[in-house]
Each structure stands twice: as structure tokens, then as C-alpha cells.
Asker: 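After the C-alpha cells below, expect a handful of questions from me.
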Amino acid sequence: MATTRIPPKAERGKLFYFFVWTCLVLALLCVCLVLAVVLLGSSLSACRETTSDASSSTTVPAVRNTSMKSVQKSAPKPWETDYHLPSATDPIHYDIFLHPDLSNLTFSGKVTITIRVKNPRSFLLVNAKYLDIYETRLTGPVAPDNEGEERAKAGEVREIDIGEAFEYKPNEFWVVVIKNNTELQPGIYSLHLQFRGSLSGKIVGFYSSTYTDSKTQEKRRIATSKFQPTYARQAYPCFDEPGFKSTFKVRLVRPRDGYIALSNMEYKTHADDSPEAGLTTVEFMESVPMVTYLSCFIVADFERLQPVTVSQGFPFSVYSTPAQVNKTKYGLEVGVKITEYYIQYFGVPYPLPKLDLAAIPDFVSGAMEHWGLVTFREVNLLYQEGVSSTGNKQRVAMVIAHELAHMWFGNLVTLKWWDDLWLNEGFASYVEYKGVDHAHPDWQILDQFLIDDLHPALILDASLTSHPIVQTVGHPDEITEIFDTISYSKGASVIRMLEDFLGDEEFKNGITSFLNHFKFANAVTQDLWNELQVVGKDVNITHVMDTWTRQMGYPVVTVTRGQNGAITLEQKRFLSDPDANTTNSSPYGYKWDIPITYITSQSKAVKRTWLLSEDTSLQIEIPHSVTWIKINCKQKGYYRVNYDDQNWEKLIELMKNDLTALSIPDRAHLLDDIFSLAEARLVSYHLAMNMTRYLAAEMEYIPWRVASTKFNTLNRLLISSPSYGKFRKYVQSLVLNTYKKVTMAVSDDDSHVLRLLRPMVVGLACHVGVPECIDEAVAVFKKWITNATSVPKPHPDLRSIVYSCGMRLGGSEEDWNTMWNLYLNETDAQERTKLLHGLAHSSEPWILQRYIQLAKFESNVRSQDFFSVLSYISQNPIGVSIVWDFIRDEWQYLVERFSLNDRYLGRLIPTVTKSFTSEVKLREMEIFFKDYPDAGAGKAARSQALDHVRKNIKWLSQHKKTLEDWLDAV
């Protein structure tokens, strides 16, 4: 058998130490393993908690490992990554209580938002900005136990524990996270919020407006609101996006005596001495479904004339400050006429039980279509014979018509997101002309569309700084920025073109179908095309209109006549600078489906055809005996037309020899096109200037408005030219005959259109130095300014001309001070505007500097008018550099006062710099924009300003000599 070997004593000692060390190492490894398991378990638990906290996110944050040198960041929360509210929650109803404190200029309130949760989620988001939300509660349906279903039907709810509620400022959210990240199951919940805010220092959201009582000279305060596009969140926490429609129940607190409360719906009941003595809580009827930006709250001492009952059976009222209530008469009359017309035209009843208009002393926009309670800047609603001008009257009618059109198009049917803003604004900007034409068929208002909407849109849209009608927007600054000429005027222009090729009756029927289909709901552009396609005959509405709404710009149609007499039409993109670097691509290749209309020397009957985007050209057969053809009748199409020289010469000869051969809009169209084509080097300026010779016999307002616009542009560009004096002499020779016929004497028998023509012609005549005009304007000014308390003011139609011309050519410092004091004591908003305009035309730089500093004080010039003052001064050749220096030196002040979100601040820059013609000024602009790169809502406006100045510089190098040669040859 084997024997066991026993180690010697030394070896046994070595083995003992080896065994001990092995045990120690194993023990240490066991301890490390236990610690690792504990740490791993803790990390996994933290990971599970984080994942649950962001239950709607698919991204799981990485586990944090403290032994690593670099630590990975947690994944962003859902409210940090998107400006949009989640579509998984829908607001159903708002119960709003607001208590404005007019003494302390604060407000408090509470809101209960009934929310439908569609998918399980562990948090809720609402919009909120500049609010102190100090209480947040959430209630929901009873858990489905044995009797839960019956209890739920009875409306019983339970409190839901909230883990945290906080503001996430970058995206303007109030975030409510459920405790322990418990998921809310689909169902109906109520979010209860109490909050405080300020009424002062702003004119958007819920804010205070002030005015001076003309009898007591006491400062009076009111509380009012302006919420479009993203300002309702400054008044109450809400789902502040157009895609969410809800019903509203509103209670407003007002002082018990001397004040009224107004909201979208009619009055229901009130409780005196509530919530405390001296106060009254007013409750309104529950609203129809609408979006937050249409809600409106007013607490004011306003009054109204007797309401008028519209044929449908609801009352129509106009409110104003007590001293101005008589100025609401015209707005009441024209508003009722237009409302009656819209009810008939749209074929859809007005959906609310009342309709109020209100003139607000401080209002940032021209007006706002709050449903059932439309708010206006005073100049756009109030009218008084003998104080207001004919232009003021037309402006009031047009703004009322625009906002009333929104009661259907925008309010009843609302855009889903701001990408389709044009659906609201473009449509209202076109239909307003129909409304006013119904109320005043003698105003030629349908033809005025050319000069007020079409031509301004064509100017902007001919540059690379334009944008498509339909465009993607996200950040609130981007939303504010697109309330511009493209959304309003180009949108209106393509709708006008659509109606023309579709047919008036077919267009109207399609609109009625659209409104009925989407009433109390939301729509996108394609929804409108689908409804119109039903009545669209053989035209593919979507295909045609997408070429106009989803790419920027427009075409010029080139018309040439061949040896055989046939007319050939071709299209290409029109750019005012044909050398511009067109790097932006278009899915349509900058081709359009163009509805062609034309008349000829042999037939005034309008003929129609199409030049399609896929066509290389189009041929029109006309008799050999035809001497001229005129394309785009009454400029209904959104495009320009360029003829061969022979046809241009025939049209010029025709206008000179027979004014009646072409309609008023056709004459205006030819003037506008030929000057725009000359700027783009497609025709010679000789040709354009030759056409102006016919103006010596022109007596119509619309063509003269076009000519005046073109001459004023040339005046700015040629002011440093040796031929500037000859240019002024030439324009004097054209306008003198018309000036002598219209005179400065206003008669009660004058037509509306003549009353518009007179100040335009007088203004042009004085501007280019017609001696008779200057002498008369300065004499009227001097007679009035030296005896302002006893001598009647100039006629309202001529006041702005007399004030500005008189101040520029004959006004002393004493005269300026007199006019300033008259302004400070004036209570009529329209007259105050005329005085502000006149004050801006002093010839003394130091007076203009002082004017700006005085205007900075809210007690002198309301915030809503401050940019107007700067714009007026920049129209003065002496003042333009003063305003430009002010903007650059005090940009931070302007941003702090108005914010970068203010689109009017952004648009100030292209207004002020439009007369710049030098590389030095262009460089100043570039440096300024580099120093202050954050443009906010003025980003596009800056690009447009730079583009315009570059074009001015280029124009001088390319066209100045041509104009000088033509003028030398006259």
C-alpha cells in the first residue's frame, strides 16, 4: 500500500502562509463582488425610475458609472425637445376666472382645463408664459372598481398625486409630472391651476390700456387682451396652439360701478360684491368650440350706441371710450351691411349669439378677429365727419370687412398649424374687398386691389428673400414673422386669380362647401383644394395651385408675334435682379400653371387659355389685322407680361390717343409691369418713360397711384444725379394738368374716388416742386399754425399733406412746438396720427433728434405709435440718417422695450433703409447685423433690407445713365 509523505517542518510553514493569503484574497474578492452587486442594483433601480419618468420617450438614459472619467448626460425630457404640445392630450373645455386689478396693474385667476388623455402618460404639458402659477391640482376619473362605472357616470372624480409641477421657460411650458411617474390611463381629467400676472409693460396677452377722460382730464385704465398668435398663454395656462379647439366658460371681475365686462359670448349673470365689496363677477354663456387665440377679455368703462339687430336675429354693437361713442356710428352701419352680405355670400349662418366691435386705445395690431368680440386700434374703427379723411373712412371699412370675414374663415374653420396662416389671412384679405364693394359699390374698391395688395406682393416676391405661401414654422418668433405681405397680399392675389379662372359662382359654392365641411374644426390648404375641385370643372386645382403656393416667386410671360401673325407665349421666373444667384431649388422648377386671359384691338371680349408648367410655349392664333394684344386682363393673374417692342409701342400709342380703349386696371397694370420690367433689364427705361407721357391726360386715381409710386422711387434714386432737376421738371409737367383740375378745394359733391385722387396728386405735385402747389400748401399751413385756436384746420383729406409740406418748407421751431402741443392735447386717434406725420418733416436735424427722444416717453407717444414716428422721420431726407443712427445706438433699448418677438420692430429696418444707395450704408447694415445677430421675428426683414439696398446700388450703375439720357432728350 502507498504511504503518505509528511512534509518537513519548514515546508509545513510555507503551506500555512500560502493558505492564509489565499483566504484573505478570496475574502476580499467576495467583498468586492457584494459591493458590485449592490451598486449595480442601485444603478438599475435608478435607470428604471428615469425610464418611468420619461414614459413617453423611447430613449432610455445610460446608467451613470461614477468610476468613469466622463459622465454621460441624461437623455432630454420630452418637454425639452419639442415646441409643440403632445397630440396625445386634447383640451375639451376651459373654465376661466380672471380678476384684473386696475389699481395695481396686476391680475389673478384660476382655470380648470378638462383634458382628454388618449394614451397612457406620466406627465401633462400646457403653455404658460410670464405667469406665477402657485397652485396645481389634477383630478381624474374614479378607479374602475365594483361601482366605479356608475360613480364615473355621475361625475365623481378623485385627486391624483402630483410629483412636481414647474415651468420650462425655453419652450413656454408648464410641466405637470405625476407622482412616482404613475401613468395616467386614457380618460377625462381636469387640471386646476391658480396664477398671478402683470397687466403693465406690454400690449399683448392680458394687459392694461389707458386714456385721458376729455371731461375730467383723469387717466382711465382698462384691461383688455390680444392673443394671436401665441399670447393667450400670457393670460392663462392653456393649450395655446391653433390645432386645439375647446369650449370656454368665462367669469370676469370688474369694478361694480362705471365698468362693463365683455367676452366672446353674451352675458349670462353677475354677482355684486363678489369676490369682495365694490366688485362684480360677470359670468358669460358657454362658447362654441374655438381656439385659445380667439378668446377675449375686456374690463372697461366703454359705451355703445343702440345695437342693431342683424337679420339673422343677433345684436351687433360697437364699443368705445365714452367721449368717442358718436364716432362708432359709421362702423356700426358698415359693419352690419358687411355682416349681412357675408351671411348671404358664405351661405353659412353666423355661429354666435352676438357680435361686438371694440376700439382699444392701446393696440399692437390693426385689429384682431377675437370671435364675437373683435378688437381694433382706434384709427381703424372710429370715424367722424370733418375730422377723419376719406382715406380714413375707407381704411375703417376695409379693416372691419377683413375682421368680419374671419368670423367664418379663420374662426369657424381654423388652420391646423401656422404653416397655413395664409388660409386665414389671404382669404380675409381678398374677401374684404367683396364686403366693402357691397357696402360702397361706387368706390371702385375691387380695382383698388391692384395697388393695395397685388403690386406690393409682386415687388417682394420678385426677390430671393421671399418665401412660399405655405412654409414650415416652429418657434414663436417664426410664427410672428410670417404675418407678412406674402401670407396676406400674395395669398389674397392667388385666391383672386383662382376665382377668376374657376368662375365666381363655382368659387362661392366651393367656399360654402368648405365651411360646412370643416366648421368648428381645423383644415389645411389641401382641404380647400379638395372642396374646390368638386366645382373645378376640368382644372386640376391641386396641381395648379401648388405651383403658386408651394414655391416662391412668379413668372413673366413673354409675348412675341411671328411673321405669320401667331402669338407665342413663353414663361420664366421673374426676378427684379436677373443676375441674382438662384441657388434655392423648387419641386416645380420655378414653372407655373398660368391662366392666360387676353383682349385685342378687334375684340374686348376676354378670351382664355392655359400656359402650363410642362409646356415649353403656347401659340395663340389671332387675325393678321389685329394691331395689339393685351394679356392678363385687369391683372387678375399673378404674373407679369413682357411684349415685343412693336406691341409695346402700339399699347403706348393707344394709351396716349384713347384713354377709354383700356380699362382703369389695365392701364394701371401696364404702368406697373413696364417699370418693373425695366428695372429687371427686360425692357428699356426709355420705353417705360415714354409710356408715362400719357399721364398728362389721366384723371383716374388707380393709374396715378401706380405712377406716383414709380416716380417717388425714381426720385429717391436720382436725387444725387445731375439730371435730378430735369426729372422733377418732367414730373411737374405731367402732374400739373391733373393738379389744376382737382385743385385743393374739396366739394361735398366730389366722388369718393376723386377724394382719394386729390391728396395723392397734391402730395406728388408738392413733392416734385410744382410752385402753385407749394405756395398754396404753405399758405394754408401758415394761416392755420399761427392762429390754430381760431382758424379751422385744413380739410381732413389734405391735412397730412399740408402739415408735412408746410412744416418742411415753412415751419419754424415755434411752429413745431405749437404742433407738438396740439398733438399732446388731441384726443382723436386719426388726427393725432396726422400731426405725428407732420412733426416728422421739420428741416432742422436737432428738432428731429428731440422728437425721437420725446416720443420715447409713453406719456407722449403710445408704444403702438412709436415705430410709426420713426418711420415718418425716415421719410424725411434729413431724418433718415438720424433714425438709422438711433436704431444702431439704442438697439438694446428697443429690444428690451418691445422684444425680438415684435414683428414691427423687425420691419422697421427695411422701412428706414429703403433709400440707402451707397456701399458705405450697406456696410453699416452688415456690421450692425453682425454685432446683433439675433434678429428674432425680424430675420427675414433684415435679409430683405440688405437685398433692397444692394439692388439700389446696382440700379444706379445700370440705369442711371439711361434715365439721364432720356431726360436730356425730353
Side-chain angles (χ1 to χ4, degrees), residues 245 247-250 260 262-269 284-291 294-296 298 302 304-320 328-359 367-376 381 396-414 424 427-428 430-441 504-505 507-521 523 531:
K245 286 196 170 184
T247 55
F248 288 74
K249 179 182 176 183
V250 174
I260 61 171
L262 299 171
S263 190
N264 306 85
M265 300 298 290
E266 76 274 41
Y267 161 87
K268 180 180 180 181
T269 186
F284 300 89
M285 299 292 289
E286 184 173 311
S287 77
V288 298
M290 64 182 190
V291 297
L294 294 177
S295 60
C296 188
I298 296 177
F302 285 176
R304 64 177 177 177
L305 298 176
Q306 182 67 31
V308 174
T309 301
V310 175
S311 60
Q312 188 181 310
F314 61 88
F316 189 107
S317 304
V318 182
Y319 288 88
S320 73
T328 66
K329 183 179 179 181
Y330 173 70
L332 184 63
E333 292 174 353
V334 77
V336 169
K337 286 182 181 179
I338 292 170
T339 301
E340 298 270 17
Y341 170 75
Y342 285 160
I343 292 171
Q344 173 271 324
Y345 180 79
F346 292 132
V348 179
Y350 173 70
L352 299 187
K354 60 97 175 175
L355 181 48
D356 298 334
L357 314 183
M368 175 58 210
E369 66 266 22
H370 303 116
W371 214 356
L373 179 53
V374 188
T375 48
F376 296 75
L381 181 58
V396 167
M398 293 296 284
V399 176
I400 289 175
H402 181 99
E403 304 307 327
L404 293 180
H406 277 312
M407 299 300 105
W408 286 265
F409 226 97
N411 296 8
L412 181 65
V413 179
T414 310
N424 280 17
F427 193 87
Y430 176 52
V431 172
E432 68 184 69
Y433 287 87
K434 292 180 176 290
V436 175
D437 184 61
H438 171 79
H440 296 288
D504 294 355
E505 196 64 26
F507 177 79
K508 184 171 79 71
N509 292 339
I511 294 304
T512 299
S513 177
F514 174 76
L515 292 173
N516 278 316
H517 192 165
F518 293 96
K519 61 184 177 184
F520 302 114
E531 295 297 325

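For reference, positions follow the sequence shown, starting with 1. Just the heavy atoms: all of them, side chains too, but no hydrogens, waters or symmetry mates, feed the values below.
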Asker: Any side-chain donor paired with an acceptor under 3.5 Å for K354 and S317?
Answerer: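 No.
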Asker: Is the number of heavy atoms from other residues, nucleotides or ligands within 6.0 Å of NZ (K508) greater than 12?
Answerer: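 Count over threshold, so yes.
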Asker: Kindly assign one of parallel, tilted or perpendicular to the pair F507 and Y430, based on the angle between their ring planes and the thresholds 30° and 60°.
Answerer: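 Plane angle over 60°, so perpendicular.
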Asker: Counting distance only, does the side-chain N/O of S513 pair as donor-acceptor with the main-chain N or O of N509 below 3.5 Å?
Answerer: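 Here the side-chain-to-backbone pair does not exist.
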Asker: Do L357 and F316 come close enough that some side-chain heavy atom pair is under 4.5 Å?
Answerer: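 Contact flag for L357/F316 side chains = yes.
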Asker: If the condition is ring-ring contact (aromatic ring centres under 6.0 Å, His included), which residues does F302 pass it with, not counting sequence neighbours?
Answerer: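 Here no residue qualifies.
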Asker: Which residues pass the side-chain hydrogen bond (donor to acceptor under 3.5 Å, both in side chains) test with T339, sequence neighbours left out?
Answerer: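 side-chain hydrogen bond (donor to acceptor under 3.5 Å, both in side chains) list for T339, sorted by chain: empty.
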Asker: Mind checking salt bridge (charged side-chain N to carboxylate O under 4.0 Å, His left out) for K268 and listing every partner two or more places apart, or none if nothing turns up?
Answerer: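 Salt bridge (charged side-chain N to carboxylate O under 4.0 Å, His left out) check on K268 returns E283.
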Asker: Determine whether Y350 and F314 satisfy the following criterion, ring pair (Phe, Tyr, Trp, His ring centres under 6.0 Å), listing intermediate values before the conclusion.
Answerer: CA-CA 9 Å; Y350 173 70; F314 61 88; 4.6 Å; yes
Asker: Keeping N264 on the side-chain end and L294 on the backbone end, is there a donor-acceptor pair under 3.5 Å?
Answerer: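 The answer is yes, because a donor-acceptor pair under 3.5 Å joins these two groups.
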Asker: Has the side chain of D437 got a donor or acceptor atom that lies under 3.5 Å from a matching backbone atom of Y433?
Answerer: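 Not confirmed, D437 side chain does not pair with Y433 backbone.
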Asker: Mind checking whether F518 and F514 have parallel, tilted or perpendicular rings, split at 30° and 60°?
Answerer: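 The rings of F518 and F514 sit tilted, inter-plane angle from 30° to 60°.
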Asker: Angle class for the F346/W408 ring planes (parallel below 30°, perpendicular above 60°, tilted otherwise)?
Answerer: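 Correct class here is tilted.
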Asker: For the backbone of S311 and the side chain of E340, can you confirm whether one donor and one acceptor N or O come within less than 3.5 Å of each other?
Answerer: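 Side chain of E340 to backbone of S311: a pair is present.
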Asker: Using a 3.5 Å distance criterion without hydrogens, assess whether the side chain of T309 forms a donor-acceptor pair with backbone atoms of P315.
Answerer: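 Pair absent, no side-chain N/O of T309 close to backbone of P315.
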Asker: Under a 4.5 Å cut-off applied to non-hydrogen side-chain atoms, are T512 and Y345 in contact?
Answerer: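 Not in contact.
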Asker: Ignoring hydrogens and geometry, is there a side-chain-to-backbone donor-acceptor pair from N411 to E369 under 3.5 Å?
Answerer: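 Indeed, once roles are kept as given, a pair shorter than 3.5 Å links the two residues.
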